[in-house]
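Everything on this sheet refers to the single structure shown next.
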Amino acid sequence: MLDSWRFLQRDSGFQLYGYVILENHLHLIAASPDLSRDVQRFKAYTAKQIIGHLQQSGSTRVLEILALLKRPHKTESDYQV
């Protein structure tokens with residue numbers, strides 16, 4: 001997550017003032033010229049990193065669960081993070 005935030009800071013003027021990471025979500029205080037776009041970019045990057053880590057570590061059961069949770073209209077992805 002920190003890598004993603006650092007990228008956004010360099011790339012788009014994203015400013016992160018504070019954050020809390022909880023078990024199944026996070027809260028952040030941030031500002032950006034296009035905050036909605038930057039939050040979407042952060043979520044997409046982080047999800048790809050999580051899936052890549054699970055694939056590399058052979059966590060097939062977790063990947064199976066994420067595949068079951070994927071919403072039907074999300075045709076561009078195999079998993080729902």
Side-chain angles (χ1 to χ4, degrees):
M1 283 191 286
L2 296 178
D3 289 341
S4 178
W5 286 332
R6 285 185 193 111
F7 169 76
L8 289 173
Q9 287 173 330
R10 287 188 308 271
D11 185 61
S12 65
F14 180 85
Q15 294 295 314
L16 180 64
Y17 299 107
Y19 64 93
V20 176
I21 301 172
L22 301 167
E23 182 177 312
N24 62 352
H25 68 284
L26 64 90
H27 297 272
L28 58 91
I29 300 171
S32 170
D34 191 346
L35 188 59
S36 178
R37 177 191 65 130
D38 286 341
V39 168
Q40 180 56 40
R41 290 171 67 195
F42 165 76
K43 290 167 56 176
Y45 175 84
T46 305
K48 287 176 188 173
Q49 293 297 106
I50 291 169
I51 291 167
H53 175 74
L54 292 170
Q55 289 171 330
Q56 284 183 333
S57 65
S59 301
T60 55
R61 182 65 183 136
V62 175
L63 289 168
E64 288 171 358
I65 292 169
L66 293 177
L68 287 172
L69 295 173
K70 184 181 83 73
R71 296 182 178 117
H73 70 280
K74 300 270 185 162
T75 56
E76 70 283 353
S77 62
D78 295 325
Y79 305 104
Q80 179 71 41
V81 176

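Quantities reported herein were computed from a predicted structural model and do not represent experimental measurements. Keep in mind that the numbers below use all heavy atoms, side chains included, and drop hydrogens, waters and symmetry copies.
A single hydrophobic cluster is not seen to contain both Leu68 and Tyr79; linkage of ILVMFWY side chains at heavy-atom distances under 4.5 Å, directly or through other members, places them apart.
Between Val81 and Ala47, the shortest heavy-atom contact is CB-CB, 4.0 Å. Smallest separation of non-hydrogen atoms from Lys70 and Gln80: CA-CB, 3.4 Å.
No side-chain heavy atom of Ser32 sits less than 4.5 Å from a side-chain heavy atom of Gln15. With contacts defined as side-chain heavy-atom distances shorter than 4.5 Å, the pair Leu54/Leu66 qualifies.
Residues passing the side chain to side chain contact (heavy atoms under 4.5 Å, CB included) test with Asp78: none are found, sequence neighbours excluded. Applying the ring pair (Phe, Tyr, Trp, His ring centres under 6.0 Å) criterion to Phe42, with sequence neighbours excluded, gives Trp5. With sequence neighbours excluded, no residue forms a ring pair (Phe, Tyr, Trp, His ring centres under 6.0 Å) with His73.
For residues 43-57, the side chain to side chain donor-acceptor pair (under 3.5 Å) pairs, not counting sequence neighbours, are Ser57-Ser59.
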What side-chain donor-acceptor pairs closer than 3.5 Å can you find for residues 17-27, not counting sequence neighbours?
from  : atom 1 : to    : atom 2 : distance (Å)
His25 : NE2    : His27 : NE2    : 3.1

Sequence neighbours excluded and cut-off under 3.5 Å, please list the side-chain donor-acceptor pairs for residues 6-14, or say none.
from  : atom 1 : to    : atom 2 : distance (Å)
Arg6  : NH1    : Asp3  : OD1    : 3.4
Asp11 : OD2    : Arg41 : NH1    : 3.1
Asp11 : OD2    : Arg41 : NH2    : 2.7
Ser12 : OG     : Leu8  : O      : 3.0
Ser12 : OG     : Asp38 : OD1    : 3.2
Ser12 : OG     : Asp38 : OD2    : 2.9

